[in-house]
Amino acid sequence: MLYANLTPAPADSILGLTEAYKKDVNPKKVNLGVGVYMDERGRTPILQAVKKAEKILLDTQDTKTYLPIAGAPEYGQVVQELLFGADSVKKDGGRMRTAHTPGGTGGLRIGAEFLRKVAPKATVWLSSPTWANHKGIFAAAGFKTSDYPYYDPASHGIDFSGLTACLDKIPEGDIVLLHVCCHNPTGVDLSAEQWSEVIRIAQARRWIPFLDFAYQGFGVGVEEDGAILKPLLATGLEFFISSSFSKNFGLYQERVGALTLVAGDTAAVEAAFSHVKATIRVVYSNPSAHGGAIVTTILRDDALRSLWRSELDAMRERIAAVRKDFVGQLHARGASMDFSYIEKQKGMFSFSGLSDAQVQYLRDKKGIYMVAGGRINVAGILPNNIGYLCESVQEALQQAH
């Protein structure tokens, strides 16, 4: 029999955690694993800007025919303008092309499949740590992966000397995956000065930057989070950006993302993009329309864009307030660790500083679920669970080491 000798595949480290959470009978259980935004009531809301855009689409759409392989041209245009600003697109748009992909994961995978064609011997370098799925995506495309230093547990910050020393030795033509903002899983981002040094090294060493930009607007602001893109564009380097609109538009189940290529000139980007489209054709043929149409409708309408920005600001500000409250309540309870670094982190995720033994204790004894290594989704901390969570963390600090 075809499947007789198969053993079950290991559960996904994050989605598998959610399955375990669902089965837990503890009435106080808390899920801090899955990477979705939640409001104060524990819901993942549909943004009002999205609702209004969907109403417009319902009233005006007159066809359900296939999109082009790379998606609707107007979608690619608004994505580029969101990334670089309209003025930069007008000036350098001839060097860039954008494909509508099924989520940020789809952007990463299509980029990986294309790069495997043009740089089959390259190594893909990933931050240590990184999002759990990064290694699997590039390995599935046939790449060897390696790590560069990033997080320093002792300082709860970046090992910048280790990072730059490694980047400065990466061979020309290798691929370096960089988190633009809201680093997943640590929440610790490079400063503007540190980004400048990374870009300088990329110019000198001529490796290929591949930027994962899944959280634009969740760090400091829409423009601020993408501030390094214009300087990178100005270098003339070729690079890739995988965008996701799951978090900042709340479009998780629509699976709407993008892969943007930047090349040295128009001829190079046209040739490269033809191969990207050939890759898409044999993987999923063309993208689904609805999510991209929502994003396009919002970004092309001044009123909807303003509403979206205000809703995005509110999500970001809630997360920042939760960080502050969490740290404050832990301190008020006399926690034996100083958790103040959590306030400085950006985005939904945080390396809490808890040990694996403490993470296991919280899961087994208290029904509190977080990823091994102590990564938590800060948005999962709610008014009705923060007290229990802080009490439980204090208990774990005393019981498990």
Side-chain angles (χ1 to χ4, degrees), residues 14-15 34-37 44 46-47 49-50 53-54 66-84 89 96-115 130-134 136-138 140-141 177-184 209-219 222 225-226 229 239-262 273 276-277 279-281 283-300 308 312 315 347-349:
I14 297 172
L15 300 182
V34 67
V36 298
Y37 175 80
T44 300
I46 301 175
L47 302 186
V50 168
E54 287 185 310
Y66 292 120
L67 289 180
I69 291 173
E74 56 269 27
Y75 174 77
Q77 181 75 18
V78 298
V79 170
Q80 292 172 14
E81 291 177 355
L82 190 63
L83 293 172
F84 297 101
V89 173
M96 61 184 76
R97 297 290 182 273
T98 297
H100 177 176
T101 61
T105 303
L108 290 165
R109 183 59 191 270
I110 292 300
E113 292 289 342
F114 164 70
L115 283 166
T130 194
W131 178 46
N133 210 22
H134 277 147
I137 288 168
F138 286 96
L177 188 97
L178 299 161
H179 300 235
V180 181
C181 72
C182 305
H183 184 273
N184 183 3
F210 197 140
L211 307 180
D212 190 344
F213 203 6
Y215 303 100
Q216 185 173 8
F218 263 72
V222 171
D225 289 348
L229 297 181
F239 60 97
F240 299 78
I241 307 170
S242 173
S243 304
S244 169
F245 301 121
S246 294
K247 279 75 177 177
N248 54 10
F249 282 81
L251 294 172
Y252 298 90
Q253 64 182 221
E254 301 299 344
R255 305 305 300 130
V256 55
L259 175 68
T260 299
L261 281 73
V262 177
F273 202 58
V276 169
K277 290 192 289 186
T279 301
I280 291 171
R281 178 63 174 150
V283 177
Y284 55 85
S285 193
N286 49 15
S288 59
H290 190 62
I294 292 170
V295 171
T296 303
T297 301
I298 291 172
L299 294 181
R300 292 181 119 190
W308 166 68
L312 176 56
M315 289 191 286
M348 290 201 304
F349 301 116

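Counting begins at 1 with the first residue of the sequence.
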Hey, could you give me the [atom1]/[atom2] distance between [X] and [Y], rounded to the nearest 0.5 Å?
X: I280; Y: S285; atom1: CD1; atom2: OG; value: 10.0 Å
X: M315; Y: K247; atom1: CE; atom2: NZ; value: 11.5 Å
X: H100; Y: I69; atom1: NE2; atom2: CD1; value: 14.0 Å
X: L115; Y: T279; atom1: CG; atom2: OG1; value: 9.5 Å
X: T260; Y: L83; atom1: OG1; atom2: CG; value: 5.0 Å
X: L177; Y: D212; atom1: CG; atom2: CG; value: 5.5 Å

Close side-chain approach of [X] to [Y], heavy-atom, < 4.5 Å:
X: F245; Y: I298; answer: no
X: L312; Y: F218; answer: yes
X: D225; Y: Y215; answer: no
X: K277; Y: R97; answer: no
X: V256; Y: F249; answer: no
X: L299; Y: L82; answer: yes
X: L67; Y: Y75; answer: no
X: L108; Y: N133; answer: no

When you check the side-chain N and O atoms of R255 and T101, is any donor under 3.5 Å from an acceptor? no
Stepwise side-chain contact (heavy atoms from CB on, under 4.5 Å) test for L259 and F210: CA-CA 10 Å; L259 175 68; F210 197 140; 4.0 Å; yes
Work out which heavy atom in [X] is nearest to a heavy atom in [Y]; give both atom names and the distance.
X: L178; Y: P209; answer: CD1-CB, 4.3 Å
X: E54; Y: H290; answer: OE2-NE2, 2.8 Å
X: E254; Y: S288; answer: O-OG, 4.3 Å
X: N248; Y: Q216; answer: ND2-O, 3.0 Å
X: C182; Y: G347; answer: SG-CA, 3.5 Å
X: V79; Y: S243; answer: CG1-OG, 4.4 Å

So, does T44 use its side chain to make a donor-acceptor pair with the main chain of Y37 at under 3.5 Å? yes
Any side-chain to backbone donor/acceptor pair from N184 onto W131? Under 3.5 Å, distance only.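 Side chain of N184 to backbone of W131, a donor-acceptor pair under 3.5 Å: no, none is there.
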Using 30° and 60° as the class limits, which term best fits the ring planes of F240 and F114: parallel, tilted or perpendicular? tilted
